[in-house]
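Have a look at the structure below, then the notes.
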Amino acid sequence: MAEKVILDVDTGSDDAIAIATAFLSPDIDLLAVCTVNGNRSVEITTSNTLRLLEYLGADVPVYRGCHLPMVASLTPGRRKHVPFTGPDNKEEDVHGDYLPLPEPTRKAQPEHAVVWLVDKLKNSKEKITLIFVGPLTNLAMALRIDPDIVKNIKQVIIMGGGYLVNNITAGAEFNFWIDPEAAKIVADCGAPLVIVPLDATHAAYVTMEEAEEFINLGTPGSVISGKLIKQRIAGYNAFQPMAVPNAAPIHDALAVCALIDREVLRSCMTVNMDVSIAHGITDGMSLFDTGGRDRNRKPNAIVAKDADREKFVGMMKEILGRKN
Ligand code: BDR
Ligand code: CA
């Protein structure tokens with residue numbers, strides 16, 4: 001039976017591919033997509049999410065979420081600026097502002113994502129899997145409103161953090177760095193966590209030739225994904241070249257594939273993960289206690305240090321090549 005899933009995104013080029021993968025996979029019953037500030041303002045990430053779903057002919061409700069991190073933007077100098085956009089945004093070419101799709105005719109649902117999440121999780125008769133591929137603000141806010149919702153969370157699959165690889169500072173990954181307090185609240189919430197960090201997503205890079213193959217599959221999901229992968233590769237070539245030239249990670253789609261087939265993740269360790277809220281140079285850094293040094297913190301997460309690239313690309317082709 002298909003797994004019931006709530007997906008939380010900051011769409012975003014790789015978020016868009018993650019949404020398409022989740023919607024088109026027969027193994028996932030996509031209950032709703034929640035949006036958050038991150039790659040762009042929540043206005044833009046919500047519009048992009050609606051654009052993508054409408055293009056796919058997907059009748060999935062969208063709930064607009066938080067427009068700022070919990071507290072990170074209150075301290076002067078702690079963040080360049082939030083929402084994270086503008087001419088000095090190195091990732092600009094990786095995401096762009098709006099997806100290259102028509103403006104949506106549908107609107108987001110009237111309830112706020114956090115209010116809906118609390119209600120949905122509180123009243124659910126079964127446990128629900130959450131996949132979070134943006135800053136964790138919405139889930140942390142929901143947990144602060146009602147910590148009991150954790151009982152109905154089957155697992156949280158999170159694209160975030162880095163073991164040896166980071167991307168926004170020397171020590172931090174973008175999603176955790178945007179809202180470190182939210183990431184820490186989720187790390188400590190008690191729900192089973194599966195962490196898909198940059199080490200895994202960078203191992204599962206996609207090449208320019210493969211992007212072309214996606215486009216040649218000719219379905220709505222594969223065509224938009226192939227185009228967005230090309231856009232990402234151009235951005236990576238310009239601003240953060242990969243060890244393999246003409247290739248880019250599709251971070252958020254790997255988190256979705258990790259639910260569909262856990263074997264796509266490799267070198268998984270069960271450890272305690274904590275997140276630095278120390279401001280300064282370690283702000284938003286993920287810490288993995290591989291030696292079990294902190295006796296007060298028990299293992300709370302399965303963390304992937306690697307991924308099966310061939311399997312990932314194969315899964316993506318099979319799923320995105322499907323018609324709605
Ligand atoms: C994460 O940051 C965002 O730019 C991507 O969408 C992904 O979720 C990678 O660090
Ligand atoms: Ca994202």
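Quick caveat: nothing in here was measured; it's all calculated off a predicted structure. Residues take their numbers from the sequence shown, with the count starting at 1. The figures here come from the full heavy-atom set of this structure, side chains too, leaving out hydrogens, waters and symmetry mates. Start at 1 and go down the list; that is how both ligands and their atoms are numbered.
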Does Asp199 reach the main-chain N or O of Ala304 with its side chain, forming a donor-acceptor pair under 3.5 Å? no

Provide the atom name of the closest N, O or S atom of Asp10 relative to the Ca ion (ligand 2). OD1

A student comparing His202, His95, Glu173 should find that the heavy atom closest to atom 10 (O) of ligand 1 comes from Glu173

Will you find, in the side chains of Glu126 and Ser124, an N or O donor that is under 3.5 Å from an N or O acceptor? no

Would you mind reporting whether Arg297 and Asp188 have side-chain heavy atoms less than 4.5 Å apart? yes

Examine all N, O or S atoms of Val133, backbone included, and report whether one is under 3.0 Å from the Ca ion (ligand 2). yes

Any chance the side chains of Asp15 and Asn39 put a donor and an acceptor closer than 3.5 Å? yes

For Asp14, the atoms of ligand 1 under 4.0 Å from one of its heavy atoms are 5 (C), 6 (O), 7 (C), 8 (O)

Would Phe312 and Ile19 show up in the same hydrophobic cluster when neighbours are defined by side-chain heavy atoms closer than 4.5 Å? yes

With heavy-atom distances below 4.0 Å as the criterion, list the atoms of ligand 1 near Phe174. 2 (O), 3 (C), 4 (O), 10 (O)

Tell me the contacting part of Val94 for ligand 1: side chain, backbone, both, or neither, using a 4.0 Å heavy-atom threshold, strictly below. neither

Would you say Leu198 and ligand 1 have an N/O pair spaced under 3.5 Å apart? no

Heavy-atom closest pair (Lys122 atom, Ile149 atom, distance to 0.1 Å) is N-CG2, 4.2 Å

Below 4.0 angstrom from a heavy atom of Asp15, which ligand 1 atoms are there? Numbered from 1 as shown, please. 6 (O)

Closer than 4.0 angstrom, basic N to acidic O: yes or no for Lys317 and Glu212? no

Considering only heavy atoms of Met159, which atoms of ligand 1 have at least one such atom less than 4.0 Å away? 1 (C), 7 (C), 8 (O), 9 (C)

Can you tell whether the side chains of Asp10 and Arg40 come within less than 4.0 Å, N to carboxylate O? no

Could you list the atoms of ligand 1 found under 4.0 angstrom from a heavy atom of Asn175? 1 (C), 2 (O), 7 (C), 8 (O)

Verify the distance test for Asp252 against the Ca ion (ligand 2): any N/O/S atom under 3.0 Å, yes or no. yes

Could you check which N/O/S atom of Asp15 is closest to the Ca ion (ligand 2)? OD2

Should the proximity of Ile168 to ligand 1, defined as any heavy atom under 4.0 Å, be assigned to the side chain, the backbone, both, or neither? neither

Side chains of Thr11 and Thr49, donor plus acceptor under 3.5 Å: yes

